[in-house]
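Everything on this sheet refers to the single structure shown next.
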Amino acid sequence: MSGMLAELIIYLIMAVLGIMSTIAVYLAIKERDLVKAVVYSALQSSFYAVLYYFLMAPDIVLVYLPVAVGLVPGVLLILISKTERWEKNEAS
Amino acid sequence: MKLAELTLLVTLILSLALMLTFAYNYLAPTPEVRNLALFYLITTYNPQLPYYTVNSPEAVTAIVWDYRGLDTLFETAVFYLALIAGLALARRLYRENPVSFLSTNGGLSIIVKTVTKITSPMIIAVGASIGLHGHLTPGGGFQGGATIAVAPMVIIITFSVFYLLTRKVTTEKMLLIRSIGLIGIGLTAISVFIIGLAAGRLAFVFQNMPKANAPMGLPGQVNGVLISGTLWFFNLFEMLAVAAGFTMAFAVLMLAGKER
Amino acid sequence: MISVLDIVELILKFVGLGLIILGGFASLISAIGFHRFRNFYLRLHATTIGTIWGCVYPLIGISLLSITLNDLGASRWFIAGASFITALIILILAPAGSHAIARAIHKSKTARVQPCIADLLDKDLCG
Amino acid sequence: MTKILNMFIVACLTFMVYIIFTGSSSVYDLVTGFIVALIVGALFSNITLSNALKVLEPRRWYYLLRYAIRYFIIDETLAHVDVIKRILNPRMPVNPAIVKVPYNVETDYAKTCIACSITNTPGTVVVEIDENEKSFYIHWIDAKTLEPEKAREYISMVFEKYSRKIFD
Amino acid sequence: MAVDFAGTYLLLVLLSSLLVNFVLSIYGIFFKPHFTKKVIALTILSDTLNTFAIYIGYRRWLEGVNPRPPVLTTTPTWESITEFSRRAVDPLPQALVLTAVVIGLAVTLFLVFLGYILYMHYGTLDMREIRRLKG
Amino acid sequence: MIWEIILAISIIYTIAIALLTVIALKGPTLGDQVLAIDTITYATVVLMVLFSVFFKEPILTVVAIPLALWIYALDIYVAKYLEKGDLGA
């Protein structure tokens, strides 16, 4: 019975991580400050990494962490620092 | 314009429905697993089945570099083509002057610099451990290379990109290391075939362990230590190539637009 | 018949569990602190609680606890070593990270020091 | 000569991290770890260290151990309990200020050690380090004084004493 | 039975949140005007698709025993291999995702170079203005 | 007994992560968000090591060190961007 309970708790943590990642994605798409959008995307990436951990894929966690948390935000911030930070309004 | 957006949305909904139709059986996972996966799991390290096994306890690396090795070779080709396309776009935008000044006022504060000095060797050690134990524990060439590539990135950010250049880490050297890695991957892929040619036996490209009709292969164990035949060499060369390729791309990206 | 080894094992187990429980509550308190403090510079202190008592101490606790867990087999030394070295790395990296962020925010004048008695570095940012 | 010694020390650090991260010590791990440590040591020999002889003095290691035990048991506990009380108090009594605290050490590692110790105790965070005036600017959650010398006694006296013995 | 139902429901919550992520990132790629925002949405899209693949390879807990990662840690006898294949998750999707992640990073680097060139040519990264400047 | 305590503590950590996520999503300035992500990551490291003890799978511990290393990278990226505006300088 305690095994069943543990199973439910693991699934609950996974569901909570999924919902939080959805909120992060929504804000990343909606945000007009691009630096903040990159930070939201990094948050979503770390939630996905924990999700991969609970889906029993340590290989993917090891390759996904440097790529999505360590390198992609850096590369995107370089692009933003070389170009422009603000996304203009939809209406203009 | 409106029509294009509407068509796009309808196509999106239709393809989503199609995907869900195919995925109906998989919507919620079951305690069972598919037969193909069972085959991989049973044969990945099983001395009782000598003609099927890869001699690697790590099923993922076994699939990546042996069962589906040819796929991975061409995926690696896609990866390098994307990298080369990026570098070709930035060809005229940077110049690597022999920089004379040692930047002391560039970069972040002295605390961050000192911490980075201690942790960069640790990062490289962790990455090398991940890469060189790819056939035993989770990890492999891609993971190790991506992990090592973070160390030059952190050094560039904390010090300066010119600091890396004064330390003689230039794009030519990185190109050399990357080419060594690629040539190594290619040679490892045909190594068993060449051994078979020399010995006058039947052998295949991308063969690892001896098969029933092709009795050639690299050793699975050396002196009681597992190296899993070609997997070890693939991991080593892939790690070198990925780390060097990414380092080169970062240096070029940082230098772009800084002609002095 | 209780030998010295058993007593040492019991002590390690209880110290480890105590550190883990301490870590859980410190992490919760740091989350509450994040909500109660309204300013960036005050939240830096809540981060420190979440880092040291919330992460480094429980990792050392796990390292002590896992030595005593016999049903993990020989690999318990692996968990002990890995979690201990993780604790060391976090102990080095976390202060550097929060110092870098604090310095950048203060230099770029993104957040004001609020409430504030005095700011000897930059008078304009106070209050 | 110093270069080789530096390389040896860096290689030792790398080798230790490699073996502990791997979690086993078979012949394969030892051999590959040795090769990786040599390469990394050659790469980082004059970046990470400048004077390797200091690492080999046992007196410094003894002080490091004493400092670690004292720091983790006394200093951390006092600071944590103080800040946790402030968080859980309904009125939330804070009077923060950025104060100036001078230091008197020479090497980079000593400065980093003091700064990390200050930042790692809740209630004080190093915001800026001024190397010309030899002083930290510290955000203090409960500013008892604004005088640099008195603030130094409240915040960083112990850290500085040990840090000078360990790294200078 | 109830526990079974609750477990299925929670797993489907995860799946539906992933689906919503997919739709949101598609929206970001097609309808957001800024180039950088398009690149961010593209990375989110590829991550979400990778997560779908890993999710397909997962297996439910069998009578309160957790599944294992597909790495054999014991000596290879028939008993241990049978036990391993009874509990380990599917390694094939993980192997496919592994290369996809690294290729995704390379493509992102290419797009970043492309964006820099675009900015040098047009002085902006807003796609509407680029279209107007060209026409 | 030990396993139940570990499970309960991991639930506490999950609650803390969810609370911190609110700050990470809404925090008024960029600094608040990055600090919250830091604390989330350090809680996640403990969560991962706890669960690798709970699952009795030692190889899952491997992922903790990279997570701790890379979040430091995110810190210094944002710090350098805010301080210099140019990441290569």
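By convention in this document, chain letters (A, B, ...) are assigned in the order of the sequence lines, proteins followed by strands, and residues within each chain are numbered from 1. Since this is a predicted model, take the numbers as computed values, not measurements.
- Counting heavy-atom pairs closer than 4.5 Å to chain F, the top residue among C/Leu44, C/Ile32, C/Ile29, C/Ile49 is C/Leu44.
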- Verdict with supporting geometry, F/Val49 and C/Thr86, side chain to side chain contact (heavy atoms under 4.5 Å, CB included): CA-CA 10 Å; F/Val49 181; C/Thr86 313; 5.7 Å; no
The test is side chain to side chain contact (heavy atoms under 4.5 Å, CB included); show your working for C/Phe78 and F/Val62 and say whether it passes. CA-CA 10 Å; C/Phe78 175 58; F/Val62 167; 3.8 Å; yes
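- Taking a 6.0 Å sphere around CG of C/Leu5, one finds it holds 12 or fewer heavy atoms contributed by other residues, nucleotides or ligands.
- Inspection of non-hydrogen atoms places C/Gly54, C/Cys55, C/Pro58, C/Leu59, C/Ile62 of residues 54-64 of chain C under 4.5 Å from chain F.
- Heavy atoms closer than 4.5 Å to chain C are found in both the backbone and the side chain of F/Ala68.
- Expressed to the nearest 0.5 Å, how far CD1 of C/Ile85 lies from CD1 of F/Ile65 amounts to 6.5 Å.
- Counting heavy-atom pairs closer than 4.5 Å to chain F, the top-ranked of the candidates C/Thr47, C/Leu17, C/Ile105 is C/Thr47.
- With a 4.5 angstrom heavy-atom cutoff, C/Ala102 does not touch chain F via any of its atoms.
- Neither the backbone nor the side chain of F/Ala18 comes within contact range of chain C; no heavy atom of the residue lies under 4.5 Å from a heavy atom of that chain.
- What you find for F/Ala79 and C/Ala104 is that their closest heavy atoms are O-CB, 3.3 Å.
- Nearest heavy-atom pair across F/Tyr72 and C/Ala96 is CE1-CB, 4.0 Å.
- Atom CD1 of F/Ile17 is separated from atom OG of C/Ser27 by 7.0 Å, given to the nearest 0.5 angstrom.
- Both the backbone and the side chain of F/Leu69 come within contact range of chain C, with heavy atoms under 4.5 Å apart.
- Residue C/Ile20 touches chain F through both its backbone and its side chain, counting heavy-atom pairs closer than 4.5 Å.
- The most heavy-atom pairs under 4.5 Å with chain C, out of F/Leu60, F/Val45, F/Leu20, come from F/Leu20.
- For the pair F/Val53/C/Leu65, no side-chain contact is recorded, criterion being any heavy-atom separation below 4.5 Å from C-beta on.
- The residue among C/Asn39, C/Ile79, C/Leu28, C/Leu93 with the most heavy atom pairs within less than 4.5 Å of chain F is C/Leu93.
- Residues F/Asp32 and C/Phe37 fail the side-chain proximity criterion, which asks for heavy atoms closer than 4.5 Å.
- When the side-chain hydrogen bond (donor to acceptor under 3.5 Å, both in side chains) test is applied to C/Thr48, no partner is found at least two apart in sequence or on another chain.
- Applying the salt bridge (Lys or Arg N to Asp or Glu O under 4.0 Å) criterion to F/Asp75, with sequence neighbours excluded, gives no partner residue.
- Residues C/Phe34 and F/Leu35 meet the side-chain proximity criterion, which asks for heavy atoms closer than 4.5 Å.
- Per-residue heavy-atom pair counts under 4.5 Å with chain C were compared for F/Ala16, F/Ser52, F/Ser10, F/Ala8, and the maximum is reached by F/Ala16.
- Around atom CZ of F/Phe54, more than 12 heavy atoms belonging to other residues, nucleotides or ligands sit under 6.0 Å away.
- For chain C, the nearby part of F/Ile59 is the backbone; its heavy atoms alone come within less than 4.5 Å.
- Taking the side chain as every heavy atom from C-beta outward, F/Ile23 and C/His35 approach each other to under 4.5 Å.
- For the atom pair CG of F/Asp38 and CZ of C/Arg43, the computed distance is 14.0 Å after rounding to the nearest 0.5 Å.
- By the ring-ring contact (aromatic ring centres under 6.0 Å, His included) test, F/Phe51 pairs with A/Phe54, F/Phe55, sequence neighbours left out.
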